[in-house]
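One structure is given below, encoded as structure tokens.
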Amino acid sequence: MAINNDTNIIIALEHINKHLNEYELDQSIPPHKIVGWKSSNKDTQPTDDEINAAWTDWKSKEEYKSLREEEYPDWNKQLDYIYHNGIDKWKTDIVDPVKNKYPKPS
């Protein structure tokens, strides 16, 4: 099997605690593949299936955090909004819509 086109190998390796090994990718952003895995690494190179499974698991548990982070305005704008409109309005106008759009998995 091959690595899926959307799989981020760097995040997948971190998710399965193999990110401290020395390896080389053909490019830094997906789609990418491992082109080198040092023989002196303490861990064996994970299979494509293991990497894909780790990526899928990470996305199901963690991706909502990055999606929310990208959606929120920067802190300066948020603090300015709170100053002018209050914390309750900030929560209903800025925070809640993003949390509803990218809910935390249960």
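Sequential numbering from 1 along the given sequence is applied to the chain's residues. Note: hydrogens, waters and symmetry copies are ignored here, and every other heavy atom, side chains too, is used. Here the structure is a predicted model, which is why all the values come from computation and not from measurement.
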Query raised in the report: With sequence neighbours left out, what residues match E62 under salt bridge (charged side-chain N to carboxylate O under 4.0 Å, His left out)?
Result: K65
Flag the pair [X] / [Y] as yes when at least one side-chain heavy-atom distance between them is below 4.5 Å, and no otherwise.
X   : Y   : result
N8  : H32 : yes
D93 : N85 : no
K18 : T44 : yes
W75 : Q78 : yes

**Report entry** From K91 atom NZ to D96 atom CG, the distance as rounded to the nearest 0.5 Å
**Finding:** 3.5 Å
Query raised in the report: Which value, rounded to the nearest 0.5 Å, describes the distance between Y81 atom OH and K89 atom NZ?
Result: 4.5 Å
Between the main-chain N or O of [Y] and the side-chain N or O of [X], is there a donor-acceptor pair closer than 3.5 Å?
X   : Y   : result
D26 : K33 : yes
E22 : W37 : no
E50 : A54 : no
T56 : N52 : yes
N4  : T7  : no
K38 : E24 : no

For the residue pair [X] and [Y], what are the closest heavy atoms and their distance?
X    : Y    : result
S60  : P105 : O-CG, 2.9 Å
K104 : R68  : N-NH2, 3.4 Å
A12  : I51  : CB-O, 3.6 Å
D43  : N17  : OD2-O, 4.0 Å

Query - Identified side chain to side chain contact (heavy atoms under 4.5 Å, CB included) partner of Y102 from the options E71, E63, E70 - result: E71
Query raised in the report: Rest of the hydrophobic cluster containing W55 (Ile/Leu/Val/Met/Phe/Trp/Tyr, side-chain heavy atoms under 4.5 Å)?
Result: I11, W58
Query raised in the report: Salt-bridged, K59 to D6, with N to O below 4.0 Å?
Result: yes
**Report entry** Q27, CD atom: more than 12 neighbouring heavy atoms under 6.0 Å
**Finding:** yes
**Report entry** Residues, nucleotides or ligands: over 12 heavy atoms within 6.0 Å of D88 CG
**Finding:** no
Query raised in the report: Is it true that I10 and L67 fall in one hydrophobic cluster, defined by side-chain heavy atoms closer than 4.5 Å?
Result: no
